[in-house]
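Computed from a prediction, not measured in an experiment: that's the story for all the values here. Protein chains get the first letters and strands the later ones, always in sequence-line order, with residue 1 at the start of each.
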Amino acid sequence: MRTYETIFIVNPQIAGDDYTAVLEKFKGVLTDQKAELLKVDEWGTKRLAYPVKKHEQGTYVLIIFNAENDVVKEFERRMRLDDSIIKFQTLLLEGGFEAPAPVEAAPAEETSEEASETEE
Amino acid sequence: MAFAKKSSPRRFGRRKGCRFCADNTLKIDYKEVRTLRYFISERGKIVPRRISGNCAIHQRKVTEAIKRARNIALLSFTSNRTVD
(Lines give C-alpha, C1' and ligand atoms only; values in the text may rest on other atoms or scores of the structure.)
Protein backbone atom coordinates (compact mmCIF):
# COMPACT_ATOMS: atom_id res chain seq x y z
CA MET A 1 0.00 0.00 0.00
CA ARG A 2 1.56 3.25 -1.06
CA THR A 3 0.45 6.77 -0.31
CA TYR A 4 -0.70 8.88 -3.23
CA GLU A 5 -1.81 12.47 -3.36
CA THR A 6 -4.15 13.56 -6.13
CA ILE A 7 -5.23 17.08 -6.81
CA PHE A 8 -7.80 17.79 -9.46
CA ILE A 9 -9.74 20.77 -10.74
CA VAL A 10 -13.49 20.48 -11.26
CA ASN A 11 -15.31 22.50 -13.87
CA PRO A 12 -16.44 25.77 -12.24
CA GLN A 13 -19.88 25.64 -13.82
CA ILE A 14 -20.58 22.48 -11.89
CA ALA A 15 -21.68 23.55 -8.45
CA GLY A 16 -23.84 22.54 -5.53
CA ASP A 17 -25.23 19.06 -5.56
CA ASP A 18 -23.81 17.89 -8.86
CA TYR A 19 -20.41 18.99 -7.65
CA THR A 20 -20.83 16.81 -4.59
CA ALA A 21 -22.09 14.05 -6.90
CA VAL A 22 -18.85 14.19 -8.88
CA LEU A 23 -16.86 14.22 -5.67
CA GLU A 24 -18.74 11.26 -4.22
CA LYS A 25 -18.34 9.40 -7.50
CA PHE A 26 -14.57 9.70 -7.43
CA LYS A 27 -14.34 8.92 -3.76
CA GLY A 28 -16.42 5.88 -4.55
CA VAL A 29 -14.05 4.86 -7.32
CA LEU A 30 -11.27 4.82 -4.78
CA THR A 31 -13.10 3.08 -1.99
CA ASP A 32 -14.44 0.44 -4.37
CA GLN A 33 -10.87 -0.60 -5.07
CA LYS A 34 -10.10 -0.86 -1.37
CA ALA A 35 -8.14 2.35 -1.28
CA GLU A 36 -8.03 4.04 2.08
CA LEU A 37 -8.84 7.75 1.98
CA LEU A 38 -6.61 9.62 4.38
CA LYS A 39 -7.61 13.16 3.66
CA VAL A 40 -10.08 14.92 1.38
CA ASP A 41 -9.54 18.66 1.16
CA GLU A 42 -11.69 20.99 -0.91
CA TRP A 43 -10.18 24.36 -1.62
CA GLY A 44 -13.29 25.73 -3.27
CA THR A 45 -13.34 27.78 -6.43
CA LYS A 46 -10.15 29.63 -7.18
CA ARG A 47 -8.97 31.69 -10.11
CA LEU A 48 -6.65 29.65 -12.33
CA ALA A 49 -3.26 31.04 -13.26
CA TYR A 50 -4.04 30.46 -16.92
CA PRO A 51 -7.27 29.51 -18.70
CA VAL A 52 -7.78 25.74 -18.75
CA LYS A 53 -10.29 24.50 -21.34
CA LYS A 54 -11.64 28.04 -21.61
CA HIS A 55 -12.29 28.26 -17.87
CA GLU A 56 -10.78 31.07 -15.86
CA GLN A 57 -11.75 29.49 -12.55
CA GLY A 58 -11.83 26.01 -11.13
CA THR A 59 -12.72 24.15 -7.98
CA TYR A 60 -9.69 22.43 -6.46
CA VAL A 61 -10.00 19.11 -4.61
CA LEU A 62 -7.10 17.34 -2.92
CA ILE A 63 -7.31 13.67 -2.00
CA ILE A 64 -4.61 11.76 -0.14
CA PHE A 65 -5.08 8.02 -0.06
CA ASN A 66 -3.33 4.72 0.46
CA ALA A 67 -3.67 2.35 -2.46
CA GLU A 68 -2.09 -0.27 -4.65
CA ASN A 69 -0.50 1.02 -7.80
CA ASP A 70 -3.04 -0.27 -10.27
CA VAL A 71 -5.75 1.59 -8.37
CA VAL A 72 -4.17 4.86 -9.49
CA LYS A 73 -4.22 3.79 -13.13
CA GLU A 74 -7.95 3.10 -12.95
CA PHE A 75 -8.59 6.29 -11.01
CA GLU A 76 -6.79 8.41 -13.59
CA ARG A 77 -8.51 6.64 -16.46
CA ARG A 78 -11.86 7.54 -14.92
CA MET A 79 -10.80 11.15 -14.52
CA ARG A 80 -9.75 11.35 -18.14
CA LEU A 81 -13.11 10.06 -19.24
CA ASP A 82 -15.09 12.43 -17.07
CA ASP A 83 -15.22 15.86 -18.68
CA SER A 84 -16.20 17.61 -15.46
CA ILE A 85 -12.59 17.21 -14.35
CA ILE A 86 -10.51 19.64 -16.36
CA LYS A 87 -7.07 18.89 -14.88
CA PHE A 88 -5.57 16.45 -12.40
CA GLN A 89 -2.19 15.48 -11.00
CA THR A 90 -1.24 12.45 -8.94
CA LEU A 91 1.90 12.15 -6.84
CA LEU A 92 3.52 9.36 -4.90
CA LEU A 93 4.22 10.51 -1.35
CA GLU A 94 7.57 8.98 -0.52
CA GLY A 95 7.46 9.89 3.12
CA GLY A 96 3.95 8.60 3.65
CA PHE A 97 1.51 10.91 5.26
CA GLU A 98 0.97 11.77 8.89
CA ALA A 99 -2.18 13.66 9.57
CA PRO A 100 -1.17 16.98 11.09
CA ALA A 101 -1.62 16.87 14.83
CA PRO A 102 -5.04 18.30 15.69
CA VAL A 103 -4.07 21.79 16.74
CA GLU A 104 -6.37 23.22 19.38
CA ALA A 105 -5.88 26.89 18.67
CA ALA A 106 -6.50 27.78 15.04
CA PRO A 107 -2.97 28.02 13.62
CA ALA A 108 -2.24 31.31 11.95
CA GLU A 109 -1.09 29.52 8.82
CA GLU A 110 -2.48 26.05 8.22
CA THR A 111 0.30 23.57 8.91
CA SER A 112 0.69 21.64 5.69
CA GLU A 113 1.30 17.92 6.04
CA GLU A 114 4.80 16.64 5.44
CA ALA A 115 4.91 15.47 1.85
CA SER A 116 8.14 14.99 -0.02
CA GLU A 117 7.13 13.87 -3.49
CA THR A 118 8.92 12.21 -6.36
CA GLU A 119 7.94 11.70 -9.97
CA GLU A 120 4.36 10.56 -10.22
CA MET B 1 39.12 33.92 -18.85
CA ALA B 2 36.45 33.38 -16.21
CA PHE B 3 34.06 36.25 -16.37
CA ALA B 4 33.01 37.65 -13.05
CA LYS B 5 29.35 36.84 -12.39
CA LYS B 6 27.42 39.80 -13.66
CA SER B 7 26.20 41.64 -10.58
CA SER B 8 22.52 41.38 -11.34
CA PRO B 9 20.25 43.36 -9.04
CA ARG B 10 19.70 41.16 -6.05
CA ARG B 11 15.95 41.04 -6.13
CA PHE B 12 15.32 37.88 -4.27
CA GLY B 13 16.68 36.36 -1.13
CA ARG B 14 20.00 37.05 0.45
CA ARG B 15 23.09 35.76 -1.19
CA LYS B 16 24.28 34.47 2.18
CA GLY B 17 22.58 31.25 2.94
CA CYS B 18 19.88 28.97 1.70
CA ARG B 19 16.51 30.06 2.96
CA PHE B 20 15.43 26.54 3.72
CA CYS B 21 18.57 25.17 5.33
CA ALA B 22 18.88 27.83 7.92
CA ASP B 23 15.86 29.63 9.07
CA ASN B 24 12.34 28.49 8.52
CA THR B 25 10.93 25.01 8.66
CA LEU B 26 8.46 25.75 5.87
CA LYS B 27 8.14 22.74 3.61
CA ILE B 28 8.77 23.05 -0.11
CA ASP B 29 5.48 21.98 -1.56
CA TYR B 30 3.80 22.68 -4.86
CA LYS B 31 0.69 23.71 -2.95
CA GLU B 32 2.54 26.39 -0.96
CA VAL B 33 2.28 29.04 -3.62
CA ARG B 34 3.29 31.83 -1.25
CA THR B 35 6.70 30.29 -0.63
CA LEU B 36 7.27 29.47 -4.28
CA ARG B 37 6.44 33.01 -5.21
CA TYR B 38 9.80 34.11 -3.81
CA PHE B 39 11.54 32.02 -6.42
CA ILE B 40 9.87 33.17 -9.59
CA SER B 41 10.60 36.43 -11.37
CA GLU B 42 8.06 38.99 -12.50
CA ARG B 43 7.86 37.17 -15.81
CA GLY B 44 7.08 33.95 -13.95
CA LYS B 45 10.48 32.42 -14.64
CA ILE B 46 12.36 30.38 -12.05
CA VAL B 47 15.06 32.46 -10.36
CA PRO B 48 18.51 30.88 -10.79
CA ARG B 49 20.37 29.61 -7.76
CA ARG B 50 23.07 32.27 -7.90
CA ILE B 51 20.40 34.89 -7.34
CA SER B 52 18.04 33.08 -5.01
CA GLY B 53 20.97 31.90 -2.91
CA ASN B 54 19.52 28.42 -2.49
CA CYS B 55 21.65 25.35 -1.94
CA ALA B 56 21.53 22.69 -4.67
CA ILE B 57 19.20 20.32 -2.88
CA HIS B 58 16.58 22.91 -2.07
CA GLN B 59 16.86 24.60 -5.43
CA ARG B 60 16.04 21.29 -7.11
CA LYS B 61 13.08 20.77 -4.82
CA VAL B 62 11.86 24.31 -5.43
CA THR B 63 12.18 23.90 -9.19
CA GLU B 64 10.26 20.65 -9.08
CA ALA B 65 7.55 22.21 -6.92
CA ILE B 66 7.24 25.21 -9.23
CA LYS B 67 6.87 23.00 -12.28
CA ARG B 68 4.21 20.96 -10.51
CA ALA B 69 2.37 24.10 -9.42
CA ARG B 70 2.42 25.34 -12.99
CA ASN B 71 1.06 22.04 -14.20
CA ILE B 72 -1.95 22.33 -11.94
CA ALA B 73 -2.54 26.03 -12.74
CA LEU B 74 -1.53 27.32 -9.32
CA LEU B 75 1.34 29.23 -10.88
CA SER B 76 1.28 30.73 -14.33
CA PHE B 77 3.84 29.87 -16.98
CA THR B 78 4.32 33.42 -18.15
CA SER B 79 3.20 36.60 -16.48
CA ASN B 80 3.14 36.69 -12.75
CA ARG B 81 -0.58 37.33 -12.37
CA THR B 82 -1.48 37.10 -8.72
CA VAL B 83 -3.58 34.03 -8.09
CA ASP B 84 -5.93 35.07 -5.38
Side-chain angles (χ1 to χ4, degrees), chain A residues 3-12 39-64 76 79 85-101 103 107-120, chain B residues 11-14 17-49 52-84:
Chain A
T3 312
Y4 293 97
E5 171 187 325
T6 306
I7 185 164
F8 55 91
I9 309 176
V10 182
N11 193 326
K39 178 182 180 188
V40 177
D41 191 359
E42 290 158 40
W43 292 0
T45 310
K46 278 177 71 168
R47 219 167 65 77
L48 300 178
Y50 50 86
V52 172
K53 292 197 170 81
K54 307 291 183 297
H55 298 298
E56 276 297 325
Q57 293 192 334
T59 316
Y60 282 84
V61 177
L62 175 77
I63 297 183
I64 300 182
E76 287 202 336
M79 282 206 263
I85 307 277
I86 47 180
K87 218 174 229 286
F88 62 88
Q89 183 175 260
T90 311
L91 302 180
L92 171 71
L93 291 190
E94 283 292 330
F97 168 66
E98 315 87 38
V103 185
E109 184 250 334
E110 187 255 332
T111 54
S112 68
E113 75 283 357
E114 190 270 329
S116 57
E117 307 89 343
T118 60
E119 288 326 298
E120 66 268 21
Chain B
R11 291 187 308 274
F12 295 96
R14 297 164 305 285
C18 168
R19 295 169 68 98
F20 294 99
C21 293
D23 39 20
N24 58 12
T25 60
L26 205 56
K27 290 291 174 291
I28 303 177
D29 192 8
Y30 69 96
K31 303 189 282 295
E32 303 285 335
V33 181
R34 276 192 310 279
T35 334
L36 298 180
R37 188 119 353 208
Y38 289 114
F39 299 103
I40 53 175
S41 70
E42 294 81 20
R43 301 296 299 172
K45 298 164 69 169
I46 299 175
V47 171
R49 200 153 72 84
S52 67
N54 272 339
C55 68
I57 304 161
H58 288 115
Q59 177 71 13
R60 271 200 305 274
K61 280 190 182 155
V62 164
T63 313
E64 197 180 70
I66 288 175
K67 287 176 182 169
R68 286 215 169 103
R70 284 175 176 165
N71 183 34
I72 203 72
L74 288 172
L75 279 178
S76 81
F77 284 92
T78 52
S79 66
N80 199 353
R81 280 200 315 239
T82 53
V83 176
D84 36 30

| Heavy-atom pair with the smallest gap, counting every atom of Asn71(B) and Lys87(A) | O-NZ, 3.1 Å
| side-chain contact (heavy atoms from CB on, under 4.5 Å) evaluation trace for Tyr60(A) with Lys31(B) | CA-CA 11 Å; Tyr60(A) 282 84; Lys31(B) 303 189 282 295; over 6 Å; no
| said: Within this structure, what is the CG-CD1 distance for the pair Leu74(B) and Ile9(A), rounded to the nearest 0.5 Å? | reply: 7.0 Å
| query | Which bit of Ile7(A) is near chain B, if near means a heavy-atom gap under 4.5 Å: side chain, backbone, both or neither? | reply | both
| said: Quick check: closest heavy atoms across Ala49(A) and Ser76(B), and the distance to 0.1 Å? | reply: CB-N, 3.4 Å
| Check: Tyr50(A) side chain, Thr78(B) main-chain N or O, donor-acceptor pair, under 3.5 Å | no
